[in-house]
Every structure is written in structure tokens, then in C-alpha cells.
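All remarks here apply to the structure that follows.
Letters A, B, ... are given to chains in the order of the sequence lines, protein chains preceding strands, and every chain is numbered from 1. These numbers come from the heavy atoms of this one structure, side chains and all, not from hydrogens, waters or symmetry mates.
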Amino acid sequence: MQAKGRVFKYGDNIDTDVIIPARYLNATEGTELAKHCMEDIDKEFIHKVKKGDIIVGQKNFGCGSSREHAPLAIKCAGVSCVIAETFARIFYRNAINIGMPIIECPEAARSIEDGDEVEIDFDSGMIHNVTKNESYKGQAFPPFMQKIISAGGLIHYING
Amino acid sequence: MGMTMTQKILAAHAGFDKVEAGQLIEANLDMVLGNDITSPVAINEMKKMKNQTVFDKEKIALVMDHFIPNKDIKSAENCKCCRDFAREHEIVNYFDVGEMGIEHALLPEKGLVVAGDVVIGADSHTCTYGALGAFSTGGGSTDMAAAMATGKIWFKVPSALKFVLTGKPSKWVSGKDIILHIIGLIGVDGALYRSMEFVGDGIRHLSMDDRFTICNMAIEAGGKNGIFPVDEKAIAYMKEHADKPYQVYEADADAEYDAEYTIDLSTLKPTVAFPHLPENTKEVGSFGEVKIDQVVIGSCTNGRIQDIRQAAEIMKGRKVAKDVRCIVIPATQAIYLQAMREGLLEIFIEAGAVVSTPTCGPCLGGYMGILAAGERCVSTTNRNFVGRMGHVDSEVYLASPAVAAASAVTGMISCPCELGL
């Protein structure tokens with residue numbers, strides 16, 4: 001499984017309230033939520049993002065609420081992967097459970113800059129920065145998480 | 001090497017004699033929780049499953065609390081989705097308008113969580129029940145769907161931080177000040193993926209309501225769960241509220257901790273978290289004048305009877321400052337009724353505050369107290385992120401009910417001691 005896209009870079013502690021503000025939580029459909037993704041931190045994001053693009057955060061990405069609406073909004077906005085130094089644990093669970101790839105890699109999170117073109121190989125955890133011609137080794141998923149992601153999320157995994 | 005209290009509970013629920021930090025396990029669940037925001041997503045996920053029956057209709061709690069009484073058509077439809085699901089599956093613990101409360105105040109009050117339980121909730125503040133000596137943590141809607149169907153969930157066994165609380169806190173220092181102090185100390189990711197275990201002779205001075213508040217905000221330090229040992233106060237609380245049996249687990253003497261912090265509660269002062277992170281803490285009195293526009297007293301963090309009593313003690317015979325709106329929200333119907341019987345609601349109304357039916361409403365910027373650009377709110381809630389309570393240019397200052405009530409009276413962030421209390 002691979003991903004390739006342009007990077008939108010953000011800082012530490014990107015919380016679920018800025019990823020998808022609560023005023024939109026009366027919606028449950030991913031496509032509706034995606035229209036407001038990152039709205040309170042980057043109003044331009046949703047107009048610029050293209051299918052396959054990548055979000056890079058720093059420490060504690062996705063902190064705050066348990067709202068699965070947050071990774072769902074990111075996934076349905078077309079983002080192929082989120083890279084961060086660390087993730088908040090509920091966001092981490094939710095991303096895996098809905099089949100949204102995420103990778104912890106402090107080196108990539110620091111080195112990659114906004115607008116860089118990046119390729120990711122999920123099986124090995126390797127991240128290649130095409131713009132800078134650099135590579136970073138991220139944490140590959142343990143086998144059972146890979147199975148959940150490749151099944152398209154926890155529910156499909158349970159269904160077998 | 002021994003196990004922490006959390007590890008012992010998880011081992012028992014996964015069928016092992018011993019587990020270690022980092023181990024992936026599948027644990028049996030005693031309770032699965034969802035609210036009106038997260039449950040509709042879970043219900044939709046469950047409809048995709050081959051097996052659409054719930055594992056135990058008595059071990060699922062659906063609490064309508066975030067946007068109820070419904071704030072708009074979409075939130076009404078979300079509640080209807082939950083209501084229909086609860087009827088179809090004969091969910092015993094379904095709580096709607098009239099018998100609901102904010103979920104994390106309601107479940108302990110109804111005796112639905114006791115010591116030794118493993119609880120997953122599709123709400124990040126599910127970690128509250130560690131006050132009773134249970135392992136409880138937040139997950140997402142898909143977690144909730146899988147848990148409702150199978151009664152099990154995967155966990156990575158956490159390592160732990162140990163907080164040794166000593167000494168007796170002073171009059172206006174409550175659980176909120178203690179947890180804000182700790183988050184200020186270790187940061188919003190200071191306990192990431194880990195348990196926060198609270199021990200020490202200082203905990204005997206903490207009421208159950210203080211402990212619920214402390215565990216409630218473990219997530220604001222990134223923690224997987226917060227947990228207290230089960231003492232006489234916890235046992236008395238469970239005897240009063242619960243019928244189901246409880247199980248007491250204790251950490252081994254040789255349990256391993258990633259770090260240990262000793263905090264002398266007698267040295268703490270009323271503490272406020274400045275925008276826009278709960279770790280931006282300052283002691284009241286250490287900063288200049290901060291004028292405010294609104295005060296919110298309530299939420300799963302601080303809407304319990306002790307919180308309401310403290311706020312009323314300060315507001316009794318006083319008035320809310322002219323340019324301040326003060327909104328008081330008892331967390332459950334039972335707390336509301338108790339506050340009414342004790343005459344506390346009268347105190348608030350005479351002071352010029354409003355009293356609302358239980359709702360999460362303003363805490364997450366849903367409704368019932370949204371802020372305009374440039375406005376400041378002192379709130380007893382749990383998060384002060386950008387735009388949390390309304391406009392992205394508004395500000396939330398997190399504080400205890402005592403500081404919030406005193407601030408409502410003076411119109412600026414204040415300690416009750418400034419009122420001669």
C-alpha cells in the first residue's frame with residue numbers, strides 16, 4: 001500500500017476542535033464533515049487539498065475529543081495519510097478503525113516542509129521526500145493493524 | 001516485576017494472570033457508552049456488520065447529553081436515530097430528556113460503573129470512572145460499534161505515571177486545581193498513551209467529586225486513563241449508588257512506573273488554564289487583571305453537587321457583575337433536584353445567573369452560551385482550544401467552580417479570597 005501527495009504542514013497539538021469544529025457535529029456523513037475540515041486553523045485547506053495529499057503534524061496530533069468525525073473529515077477531504085511526531089491515542093485508534101493510514105515519524109515530521117511532495121510505503125514504513133530527496137523511516141503497523149487498514153476499517157475486518 | 005492497578009484490571013478482563021506494558025490484548029467489557037454525537041456514527045457502522053445484535057442489552061448505555069434538548073433539526077434526527085436503536089435492541093440504559101444527565105456524572109450516579117470494571121465510551125472523558133477504581137477510557141464510534149456487537153475491544157496495555165499526593169489542600173483548592181496543576185506540570189501530552197495512577201495519603205482529603213474531576217481531565221494530559229485506589233469513600237459511594245458487585249484491585253508493591261511525581265496538596269493555589277491549551281496554567285494572583293464576559297459552571301468535569309454548592313456558597317447574597325453572563329448547569333437531573341431542594345438555584349437566580357437543564361452545550365461550543373469574537377469566558381469545563389466555545393477569536397479560561405463563581409461576581413478572574421471568603 002502506497003501514498004503520494006503534496007504536504008500540508010501544521011504544528012504541535014492540532015486538536016479535534018480545529019480539525020472539525022463542534023458546530024458541525026450535528027452532521028455524521030464524511031462528505032459533509034470534509035467541507036469544514038481544518039476550518040478553524042486553515043481556512044484555505046479545503047480549497048487547496050487534492051486527492052492523495054498528506055498532512056504533517058508535530059506532537060500530539062488529534063488531541064482532545066473522541067469524535068471519529070475528525071479522522072473521517074480528513075479522510076473524506078481526500079488526504080491519503082497523516083504523519084506526525086506523536087498522535088493523541090484516541091485519534092490514533094479512530095484513524096486505524098476507519099482505515100485512515102497514519103504514521104509516527106519524528107524525523108519526517110520535523111524535516112518535511114509545507115508544499116513538499118512526499119511518497120509513503122506503508123508496508124515498510126518508509127517515507128520519501130521527493131522535493132528534498134530525503135528518506136525517513138517511520139513506524140510500520142503491526143500485522144493486525146495492517147489487516148484492519150487493508151480491510152478498510154475495523155468493521156470490515158470483523159466481518160471477515 | 002509487578003503490575004500497576006490498571007494492568008491488573010486489564011489482565012483480569014483479558015483472561016491472563018499477567019500483562020506487560022505494550023502488550024496487545026482483547027478485553028471483555030462491563031459497559032459500553034455512547035452519546036448523541038458519537039452513537040449515530042456507531043449505529044451506522046453497526047448496520048454494516050454481519051452480526052447486528054448487541055452483546056448485552058444491559059451493558060450498553062446511550063446518553064443523550066451533548067445537544068439536548070435538541071438545538072436544531074439535525075441534532076433531533078441524531079437523537080431519534082439513538083432512540084430508535086435503543087427501542088429496537090431493548091437497550092436498558094437509554095437516557096433521554098427528563099431522566100438524562102451529562103454521561104460521566106450520570107453513570108456513576110446510576111451505579112452503572114463500579115470498581116474493577118472495564119468501560120469503553122465513545123467520548124474522550126470516559127476516563128472519569130477511574131475515581132471509582134475502574135479502568136475506563138475513551139474510544140471512537142467504530143470502537144463503540146464493535147464493542148456493542150462483540151462485548152470486547154483491543155487495547156495496548158499502558159505503562160503508567162505515578163502521582164503521589166500528600167498533604168491537605170486549602171479551603172478553595174479543589175480537584176480541578178489539582179488536575180490543572182498536574183497538566184501544567186507535565187503538559188498536554190505528558191501522559192500520552194499512559195495511565196495516571198493517583199496515590200498517597202493526601203487522597204483521603206479528596207471527595208469523590210474531586211476525584212471524578214481529576215480522572216475526568218486525565219485525557220487533557222494525553223492519558224489513557226486516570227485511576228484512584230479504592231478506599232472507604234469510594235466504597236461508601238458505591239454502596240449508596242450501585243447494586244452490582246465491585247472488585248478491588250491494588251497495584252503491586254514492585255509495579256514499574258515510567259515516572260513518579262510527588263505533589264504536596266497544601267502548597268497548591270487556585271489555578272487557571274489560559275488560552276489555548278489546558279497546560280497554560282497560572283496561579284490566581286500571579287497575573288494582572290483579566291476582564292471577562294461570561295462564566296460557565298457545569299460540565300462532566302465540574303457539574304456535580306459539590307461544584308454547585310461551592311459556587312452557591314460564593315454567590316450567596318452577591319450579584320453577578322453587570323457586564324457578565326453567568327450560566328450554571330447542574331450535570332444531572334438528580335443534582336438539579338438536589339440543588340433545588342437545598343435552595344442553591346434560588347441563590348443563583350437572585351444573583352443574576354441563569355440555571356439550565358443538564359447539557360454539555362457550551363463546553364464544546366454546541367449551544368447555550370456561544371462566544372462572539374473577542375469575548376472571554378471563565379469556564380469549569382475541560383478544554384480551552386481555539387474556537388472551543390464559539391468564535392475562533394474568543395478565549396476560554398479553565399478554572400474551578402469557586403474561581404468561576406468569584407470571577408462572575410467581580411467581572412475578572414478572581415479568587416474567592418478576594419471577596420473576603
Side-chain angles (χ1 to χ4, degrees), chain A residues 12-19 21-30 32-33 39-41 43 58-72 85-100 104 142-145 148 152-160, chain B residues 24 37-38 40-42 44-46 48-51 66-67 71-75 77-78 81 121-126 137-146 149-150 154 156 158 187-189 192-193 219-220 222-224 276-277 279 363-367 370 383 385-388 390 392:
Chain A
D12 288 338
N13 303 313
I14 298 301
D15 63 75
T16 52
D17 279 280
V18 295
I19 295 171
R23 59 185 175 276
Y24 303 119
L25 290 187
N26 52 9
T28 54
E29 315 79 34
E32 184 62 31
L33 294 164
E39 183 175 295
D40 280 1
I41 191 169
K43 285 196 166 31
Q58 303 299 303
K59 281 196 303 181
N60 204 25
F61 188 94
C63 63
S65 154
S66 66
R67 62 190 72 158
E68 203 162 287
H69 311 63
L72 195 59
E85 187 175 333
T86 53
F87 289 92
R89 59 162 288 276
I90 304 179
F91 185 92
Y92 191 95
R93 282 190 84 93
N94 286 345
I96 292 185
N97 285 343
I98 66 163
M100 162 91 216
E104 281 192 343
F144 98 101
M145 285 190 187
I148 293 175
L154 183 65
I155 299 300
H156 298 293
Y157 173 72
I158 290 173
N159 281 341
Chain B
L24 286 165
I37 302 284
T38 57
V41 179
N44 288 339
E45 286 301 303
M46 207 167 161
K48 297 176 192 165
M49 298 183 75
K50 285 180 186 163
N51 171 16
H66 276 57
F67 292 163
K71 78 183 183 97
D72 55 21
I73 294 168
K74 280 185 175 177
S75 58
E77 284 169 346
N78 283 339
C81 166
D123 188 278
S124 60
H125 294 107
T126 303
T137 192
S141 296
T142 300
D143 276 325
M144 183 188 169
T150 65
W154 65 268
K156 195 181 207 177
V188 292
D189 63 348
L192 198 57
Y193 308 130
I219 179 69
E220 310 313 334
K224 185 166 201 155
H276 289 284
L277 282 174
E279 70 185 20
C363 171
L364 74 163
Y367 71 133
I370 304 299
R383 291 189 178 127
F385 300 151
V386 170
R388 173 74 177 177
V392 290

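- No side-chain donor-acceptor contact under 3.5 Å links A:His69 and A:Glu32.
- Between B:Ala122 and B:Met144, the shortest heavy-atom contact is CB-SD, 3.8 Å.
- For a residue to count as touching a neighbouring chain, one of its non-hydrogen atoms must lie under 4.5 Å from one of that chain's; by this rule A:Asn97 touches chain B with backbone and side chain alike.
- With respect to chain A, the highest number of heavy-atom pairs below 4.5 Å among B:Lys48, B:His66, B:Glu77, B:Lys74 belongs to B:Lys74.
- Residues A:Glu104 and A:Tyr92 have side chains that never bring a donor and an acceptor to within less than 3.5 angstrom of each other.
- Side-chain contact, A:Arg93 with B:Thr137: no donor N or O sits under 3.5 Å from an acceptor N or O.
- Contact of A:Phe87 with chain B is made through backbone and side chain together, with heavy-atom distances under 4.5 Å.
- Of all heavy-atom pairs spanning B:Asp72 and A:Asn26, the tightest one is OD2-ND2, 2.7 Å.
- Each of B:Ile370, B:Leu24, B:Asn44 has some count of heavy-atom pairs under 4.5 Å with chain A, and the biggest count is that of B:Leu24.
- Here the closest heavy-atom approach between residue B:Ser124 and residue B:Arg383 is recorded as OG-NH2, 2.9 Å.
- The contact between A:Ile158 and chain B is made entirely by side chain atoms (from C-beta outward), counting heavy-atom distances below 4.5 Å.
- Put simply, of B:Asn51, B:Leu192, B:Val392, B:Thr38, the one with the most heavy-atom pairs under 4.5 Å next to chain A is B:Leu192.
- Side-chain contact check for B:Glu45 and B:Ser141: no donor-acceptor pair (N or O, by modelled atom type) lies under 3.5 Å.
- Contact count against chain B (heavy-atom pairs under 4.5 Å) is highest for A:Asp15 among A:Asn94, A:Leu72, A:Asp15, A:Thr28.
- Among A:Asn60, A:Thr16, A:Thr86, A:Leu154, the residue making the largest number of heavy-atom pairs under 4.5 Å with chain B is A:Asn60.
- Looking only at heavy-atom pairs under 4.5 Å with chain A, the residue among B:Asp143, B:Val41, B:Ile219, B:Val386 that has the most is B:Asp143.
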